[in-house]
Peer 1: 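Once you've had a glance at the structure underneath, I'll fire off some questions.
This chain uses plain numbering: 1 for the first residue, then up along the sequence.
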Amino acid sequence: MTLEHLGFSSRAIHAGQEPDPTTGAVVPPIHQVSTYKQDGVGGLRGGYEYSRSANPTRAALEECIAALEGGERGFAFASGLAGEDTVLRALLSPGDHVVVPSDAYGGTYRLFNRVVRAWGVEHSIAKVADVESVLAAMRPETRMVWVETPTNPLLGIADVAAIAEVAHAAGALLVVDNTFASPYLQNPIALGADVVVHSTTKYAGGHSDVVGGAVVVAPGAQTHDGESVAERVAFHQNSMGAVAGPFDAWLVLRGLKTLAVRMERHCDNAEAVVDFLQSHPGVTSVHYPGLPDHPNHDVAARQMKRFGGMVAFRVKGGEDVAAKVCGETSLWTLGESLGGVESLIEHPGRMTHASVAGTELEVPADLIRLSVGIEDVEDLVADLRQALDRLT
Ligand SMILES: *Cc1c(COP(=O)(O)O)cnc(C)c1O
């Protein structure tokens with residue numbers, strides 16, 4: 001039985017995770033080590049010489065996440081942004097141009113706008129939910145199109161297959177940030193993406209106890225000048241060194257084993273929360289790709305298994321009411337981040353997206369974002385209801 005033919009959970013639990021050959025331990029050990037005894041000069045055992053270059057616990061995670069995304073190779077990083085930075089420096093050069101989404105993780109936009117731009121890489125902003133907008137933003141020197149779907153925080157949906165065609169026709173690579181969907185709900189490589197990035201801090205880790213990132217490269221992906229994308233990312237991962245430590249890699253690997261069951265519950269709970277929000281008179285709009293009236297619902301239904309655990313909504317009464325609601329729940333914890341077992345509530349305008357205020361990525365002031373956890377959904381709805389009943 002080869003791994004590629006196994007189902008998602010079988011791969012999540014077994015890929016890269018053979019029982020330890022010396023002890024039979026069914027869980028890969030935390031190889032908390034920096035260097036390795038060599039069998040004579042240059043005689044590496046299993047390819048390990050120094051833990052920035054490779055570490056067995058990290059290698060287990062890298063193999064597992066590659067198997068879950070259908071990639072040729074996976075790479076684990078100290079954070080999602082460390083992985084993104086490595087991808088950008090591996091695949092772009094000064095003078096290149098990138099198309100980036102109008103609705104994106106604030107830190108990703110800051111990386112393009114404040115870090116990569118200073119290095120000489122220009123970007124244009126496109127509404128990724130609209131393929132024509134991506135096409136219009138392409139330039140002769142565009143080498144990369146960056147897409148997040150679902151988008152953060154407005155839960156827009158980009159058509160990955162259609163944007164892959166646009167990017168490839170122009171000789172550009174398509175990178176998809178798959179953090180919000182997780183590899184359980186969506187596999188961008190199967191839709192034509194060249195590179196997938198994750199903040200494993202979120203659903204992959206799933207327990208709000210680790211910060212990490214992952215990059216997965218599609219089989220055979222090449223740069224415009226014919227180099228292997230996987231080789232370039234591998235070279236830069238080692239050269240720049242923003243790798244995941246062994247314990248962090250181990251925590252993410254443990255999280256991945258239960259990703260499928262957690263995502264099913266996140267989706268069930270999110271659907272019930274969306275139903276409640278739609279029925280509440282204090283809520284003016286609900287953003288969720290599973291809603292039939294979501295502008296790209298049909299695309300989401302085509303490329304995602306279900307619609308995920310992230311929900312955003314707007315309230316009557318504007319910014320102050322929205323901010324107050326976020327402070328008046330008890331089971332929903334006021335906090336940034338997402339994708340953990342516990343439910344989180346936040347005000348993007350003043351919290352996660354404060355860094356994009358005044359830019360083209362500014363978000364509505366009366367918007368509230370929910371990361372729906374896996375608690376009992378009746379309790380989650382009751383807590384939201386008491387806050388909305390009192391404040392809206
Ligand atoms: C959190 C997040 C990131 C950044 O990841 P870190 O692990 O915080 O560095 C990137 N993209 C998305 C969609 C995120 O939610």
Side-chain angles (χ1 to χ4, degrees), residues 3 6 8-39 43-69 71 73-86 179 182-184 196-217 230 233-234 236-263 337-342 374:
L3 270 174
L6 295 177
F8 183 90
S9 287
S10 305
R11 278 177 280 141
I13 293 167
H14 295 287
Q17 303 168 80
E18 287 294 305
D20 181 52
T22 52
T23 64
V26 296
V27 171
I30 303 168
H31 288 275
Q32 192 71 41
V33 65
S34 61
T35 192
Y36 304 81
K37 179 185 189 313
Q38 303 198 2
D39 296 328
L44 309 185
R45 289 191 197 172
Y48 295 107
E49 65 182 309
Y50 183 63
S51 280
R52 170 165 35 74
S53 311
N55 170 282
T57 315
R58 192 176 93 223
L61 169 59
E62 291 177 331
E63 189 175 334
C64 185
I65 192 117
L68 296 183
E69 286 288 9
R73 251 177 105 174
F75 303 90
F77 292 90
S79 70
L81 285 176
E84 294 185 14
D85 177 42
T86 304
T179 299
S182 89
Y184 177 66
V196 171
V197 301
H198 280 283
S199 169
T200 54
T201 314
K202 316 295 168 52
Y203 288 106
H207 296 74
S208 306
D209 53 11
V210 63
V211 170
V215 172
V216 181
V217 178
V233 174
H236 284 74
Q237 183 194 38
N238 185 43
S239 302
M240 286 150 55
V243 294
F247 184 52
D248 289 358
W250 186 88
L251 281 171
V252 174
L253 198 53
R254 182 168 72 159
L256 286 176
K257 290 178 210 271
T258 56
L259 181 63
V261 288
R262 283 187 287 109
M263 289 316 294
S337 197
L338 60 112
V341 292
E342 64 286 288
I374 67 170

Peer 1: Check Pro29 against Thr57 and note the closest heavy-atom contact, atom names and distance.
Peer 2: O-OG1, 2.8 Å
Peer 1: To the nearest 0.5 Å, what is the distance between OG on Ser9 and NE2 on His14?
Peer 2: 10.0 Å
Peer 1: Which pair of non-hydrogen atoms, one from Met263 and one from Ser182, has the smallest distance, and what is that distance?
Peer 2: CG-OG, 3.6 Å
Peer 1: Where do Cys64 and Leu256 come nearest, in terms of heavy atoms and distance?
Peer 2: SG-CD1, 4.0 Å
Peer 1: State the CG-CG distance between Leu253 and Asp248, to the nearest 0.5 angstrom.
Peer 2: 12.5 Å
Peer 1: Is Phe8 close to Leu68 at the side-chain level, that is, under 4.5 Å between some pair of heavy atoms?
Peer 2: yes
Peer 1: Could you measure the distance from the CD atom of Glu63 to the CZ atom of Arg73? Nearest 0.5 Å is fine.
Peer 2: 11.5 Å
Peer 1: Can you see whether Ser53 engages Tyr48 through a side-chain donor-acceptor pair at a distance of less than 3.5 angstrom?
Peer 2: no
Peer 1: Please name all residues satisfying side-chain hydrogen bond (donor to acceptor under 3.5 Å, both in side chains) with Arg58, sequence neighbours left out, ordered by chain then number.
Peer 2: Glu62
Peer 1: Decide yes or no for Val210 and Thr200: does some side-chain heavy atom of the first lie under 4.5 Å from some side-chain heavy atom of the second?
Peer 2: no
Peer 1: Measuring from atom CG of Asp20 to atom NE2 of His31, what distance do you get when rounded to the nearest 0.5 angstrom?
Peer 2: 6.0 Å
Peer 1: Report yes if the side chains of Val217 and Phe75 come closer than 4.5 Å at any heavy-atom pair, otherwise no.
Peer 2: yes
Peer 1: Kindly give the heavy-atom pair with the smallest separation between Gly74 and Ala66, and that separation in Å.
Peer 2: N-CB, 3.6 Å
Peer 1: CD/Gln17 to CZ/Arg254 distance, rounded to the nearest 0.5 angstrom?
Peer 2: 12.5 Å
Peer 1: Using a cut-off of 6.0 Å, state whether more than 12 heavy atoms not belonging to Glu18 lie near its atom CD.
Peer 2: no
Peer 1: I'd like to know whether Asp85 forms a side chain to side chain contact (heavy atoms under 4.5 Å, CB included) with Met240, so could you lay out the CA-CA distance, the side-chain angles of the two residues, the decisive distance to 0.1 Å, and finally the verdict.
Peer 2: CA-CA 10 Å; Asp85 177 42; Met240 286 150 55; 3.9 Å; yes
Peer 1: How close do Arg262 and Ile374 get, counting heavy atoms only, and between which atoms?
Peer 2: O-CG2, 3.9 Å
Peer 1: When you compare the side chain of Asn55 with that of Tyr36, does any pair of heavy atoms fall below 4.5 Å?
Peer 2: yes
Peer 1: Determine yes or no for a side-chain-to-main-chain donor-acceptor pair under 3.5 angstrom, with Glu69 supplying the side chain and Val215 the backbone.
Peer 2: no
Peer 1: Do Asn238 and Arg52 have side chains that get closer than 4.5 Å, going by heavy atoms?
Peer 2: yes
Peer 1: Do side-chain atoms of Ser79 reach the backbone of Ala82 as a donor and acceptor pair under 3.5 angstrom?
Peer 2: yes
Peer 1: Check whether any side-chain heavy atom of Ile65 sits under 4.5 Å from a side-chain heavy atom of His198, and report yes or no.
Peer 2: yes
Peer 1: Rounded to the nearest 0.5 Å, what separates atom OG1 in Thr86 from atom NE2 in His236?
Peer 2: 8.5 Å
Peer 1: Does some side-chain heavy atom of Val33 sit less than 4.5 Å from a side-chain heavy atom of Ser51?
Peer 2: yes
Peer 1: Between Tyr203 and Leu259, which heavy-atom pair has the shortest distance, and what is it?
Peer 2: O-CD1, 3.4 Å
